[in-house]
2 protein chains.
Amino acid sequence: MKNNIKVQRAIHDMTQADLAEKIGVSRQTINAIEKNKYVPSTVLSLKIARLFSKPLEELFFLDETD
Amino acid sequence: MKNNIKVQRAIHDMTQADLAEKIGVSRQTINAIEKNKYVPSTVLSLKIARLFSKPLEELFFLDETD
DNA sequence: TTATAATGTAAAATATACTTTACATTTAGA
DNA sequence: TCTAAATGTAAAGTATATTTTACATTATAA
């Protein structure tokens with residue numbers, strides 16, 4: 001799975017720490033998601049999508065490995 | 001988080017086993033998700049949404065506990 | 001009513017998400 | 001250039017998702 005969280009952060013001018021704090025996870029969790037270290041839970045991705053006011057599918061995408 | 005997978009299965013006339021097989025997880029995983037035993041990964045919920053041709057937010061909802 | 005399919009559940013094992021702490025590297029601004 | 005902020009990364013620990021096996025319960029159809 002891929003995502004464009006980094007772009008969304010840029011649009012909203014937020015740091016990884018900002019985003020982490022807003023959705024209640026650690027900064028390393030955001031970093032790991034952006035670097036595709038692991039797949040977030042649906043609760044987490046829903047919270048991120050809600051924060052950025054975008055449909056989840058515009059932020060997270062299945063790829064050939066999924 | 002809540003979901004209406006059971007309703008979607010009914011609409012598409014699929015059993016838990018059918019759905020499990022189509023998205024490549026065990027039947028117990030589907031059952032556990034429907035019974036809110038645990039929160040699926042984003043890959044899994046994206047696959048379910050794609051299978052039912054619905055935006056993910058129409059299948060999975062954040063609630064007060066999230 | 002009986003057989004069969006579907007669903008619910010549970011325990012043990014494994015994989016993976018997420019936290020915490022800590023430090024190194026990169027980026028950006030004074 | 002110097003400094004501070006932001007990002008990347010790593011290891012150890014904890015929590016939770018998912019599988020497998022197995023069995024019990026419920027619904028359905030003959």
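Per chain, numbering begins at 1; letters A, B, ... match sequence-line order.
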Can you check the [X] [atom1] to [N] [atom2] distance for me, whole Å?
X       : N      : atom1 : atom2 : result
B:Asn3  : D:dA17 : CG    : P     : 13 Å
B:Ile33 : C:dT9  : CD1   : C1'   : 16 Å
A:Asp18 : D:dA6  : CG    : P     : 7 Å
A:Glu21 : D:dA5  : CD    : P     : 16 Å
A:Ile30 : D:dT7  : CD1   : C1'   : 13 Å
B:Glu34 : C:dA6  : CD    : P     : 14 Å
A:Arg9  : D:dA5  : CZ    : P     : 17 Å
A:Leu19 : D:dA5  : CG    : P     : 20 Å

**Request:** Check every strand shown and say whether B:Thr29 touches a base, only sugar-phosphate, or nothing at a heavy-atom separation below 4.0 Å.
**Result:**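 Touches a base.
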
**Request:** Select base, sugar-phosphate, or nothing to describe what B:Thr15 touches, counting heavy atoms under 4.0 Å on all strands.
**Result:**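 It contacts sugar-phosphate atoms only.
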
**Asked** From B:Ser41 OG over to A:Leu44 CG, what is the distance, rounded to the nearest 0.5 angstrom?
**Response**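 B:Ser41 OG to A:Leu44 CG: 12.0 Å, rounded to 0.5 Å.
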
**Value rounded to 0.5 Å, distance of CD in B:Gln8 from NZ in B:Lys54** =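 Result: 5.5 Å between the selected atoms.
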
Side chains of [X] and [Y], heavy atoms from C-beta outward: is any pair under 4.5 Å?
X       : Y       : answer
A:Val7  : A:Leu59 : no
B:Phe60 : A:Leu56 : no
A:Arg50 : B:Glu57 : no

**Any B:Asn31 side-chain nitrogen or oxygen under 4.0 Å from OP1 or OP2 of C:dT7** =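 For B:Asn31, the contact criterion (side-chain N or O under 4.0 Å from OP1 or OP2 of C:dT7) is not met.
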
**Request:** Salt-bridge test for B:Glu21 and B:Arg27: reply yes if a basic N is under 4.0 Å from a carboxylate O, no otherwise.
**Result:**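 Salt bridge absent between B:Glu21 and B:Arg27.
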
**Asked** Near B:Asp13 CG, under 6.0 Å, is it more than 12 heavy atoms from other residues, nucleotides or ligands?
**Response**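 Check fails, neighbour count at 12 or below.
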
**Message:** Base contacts versus sugar-phosphate-only contacts with protein, heavy atoms under 4.0 Å: please encode nucleotides 21-30 of chain D as B, S and - from 5' to 3'.
**Reply:** BB--------

**Strand contacts (DNA chain C) in residues 35-54 of chain B, 4.0 angstrom heavy-atom criterion** =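 Heavy-atom contacts with DNA chain C come from B:Lys35, B:Lys37.
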
**Prompt:** At their closest point, which heavy atom of A:Asn36 faces which heavy atom of A:Lys2, and how far apart are they?
**Reply:**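 Shortest heavy-atom separation between A:Asn36 and A:Lys2 comes out as OD1-CA, 4.0 Å.
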
**Request:** Heavy atoms only: give me the nearest A:Asn4-A:Glu58 pair and the separation to one decimal.
**Result:**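 Scanning both residues completely, I find the closest heavy atoms to be ND2-O, 3.2 Å.
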
